[in-house]
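Note that these values count all heavy atoms, side chains included, but never hydrogens, waters or copies made by symmetry. What you see is a predicted model; the values in this text were computed from it and never measured.
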Amino acid sequence: MQLVLDIATEPWGVVVERVEIKDVRLPASLQRAMAAEAEAYREARAKEIAADGERNAAGALKDASDKMMQSPCAIQLRYLQTLTNIASGSGHNSTILFPVPMELLNLAHPPVNAPHVQPVYQNLKPT
């Protein structure tokens, strides 16, 4: 740009040091193209940010699960805390499902390959 200005102004003895552009008019098609490009960039960036958040959340969940695996009581306390949040947070009457560990259900029935083991309820005597 400096070269073009020098060619036009040098015969008159004028040296242009700085040019300020005050008003630029772009065709509507170019404006739409630039807007579409900017929107595509924003959407791509939003996806990157969401993916980073998911990655961080997954790492935090893994760390939490590793810590909970070290203590079975921690898992039980977290379970009870979740039930408390469900019961108090809804404000409405809700049905709460309690998951029961399969080991608890297996106490009532002997394993198929161990016929000598009696179910717990057979050892109980009526009072």
Side-chain angles (χ1 to χ4, degrees):
M1 186 164 147
Q2 183 70 42
L3 182 62
V4 172
L5 288 172
D6 287 344
I7 291 172
T9 59
E10 201 171 293
W12 292 356
V14 176
V15 177
V16 178
E17 292 183 6
R18 185 175 71 170
V19 175
E20 291 183 25
I21 300 174
K22 299 262 183 181
D23 187 19
V24 176
R25 294 176 193 244
L26 299 175
S29 61
L30 182 58
Q31 289 177 358
R32 284 192 298 273
M34 291 172 70
E37 182 181 357
E39 184 177 357
Y41 175 77
R42 284 191 303 270
E43 288 177 1
R45 185 68 185 130
K47 287 180 182 179
E48 289 176 12
I49 291 170
D52 286 343
E54 290 290 330
R55 188 178 310 111
N56 292 342
L61 285 173
K62 183 189 178 304
D63 292 344
S65 68
D66 290 344
K67 287 180 183 177
M68 284 187 176
M69 289 303 292
Q70 295 172 1
S71 173
C73 291
I75 295 172
Q76 185 65 28
L77 288 172
R78 181 65 182 121
Y79 171 69
L80 292 173
Q81 182 183 22
T82 302
L83 289 177
T84 302
N85 288 345
I86 291 170
S88 66
S90 66
H92 301 101
N93 291 336
S94 300
T95 301
I96 300 175
L97 300 176
F98 292 96
V100 178
M102 293 303 293
E103 294 82 14
L104 187 63
L105 295 175
N106 290 335
L107 290 176
H109 300 288
V112 176
N113 58 358
H116 63 279
V117 178
Q118 294 182 349
V120 174
Y121 61 85
Q122 289 183 357
N123 294 334
L124 300 175
K125 295 183 181 179
T127 55

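Note that CG of N56 is 11.0 Å distant from CG of L61, once rounded to the nearest 0.5 Å. Rounding to the nearest 0.5 Å gives a distance of 10.5 Å between CD of Q70 and CD1 of I75. Within the model, atoms CZ of R25 and CD of Q31 stand 11.0 Å from one another, a figure rounded to the nearest 0.5 Å. Atom CZ of residue R18 and atom CG of residue L5 lie 13.5 Å apart, to the nearest 0.5 angstrom. A distance of 6.0 Å separates CG of L26 from CE of M34, quoted to the nearest 0.5 Å. The OG atom of S71 sits 11.0 Å away from atom CD of Q76, with the distance rounded to the nearest 0.5 Å.
Under a 3.5 Å cut-off, the side chain of S65 and the backbone N or O of K62 do form a donor-acceptor pair. At distances below 3.5 Å, not a single donor-acceptor pair connects side-chain atoms of T9 with backbone N or O atoms of V15.
A donor-acceptor pair shorter than 3.5 Å can be found between the side chains of D6 and Q2.
Ion pairing between K67 and D63 fails under the 4.0 Å rule for side-chain N and carboxylate O. Taking the charged nitrogens against the carboxylate oxygens, E43 and R45 have no contact shorter than 4.0 Å, which rules out a salt bridge.
In E54, the CD atom is not crowded: 12 or fewer heavy atoms of neighbouring residues, nucleotides or ligands sit closer than 6.0 Å.
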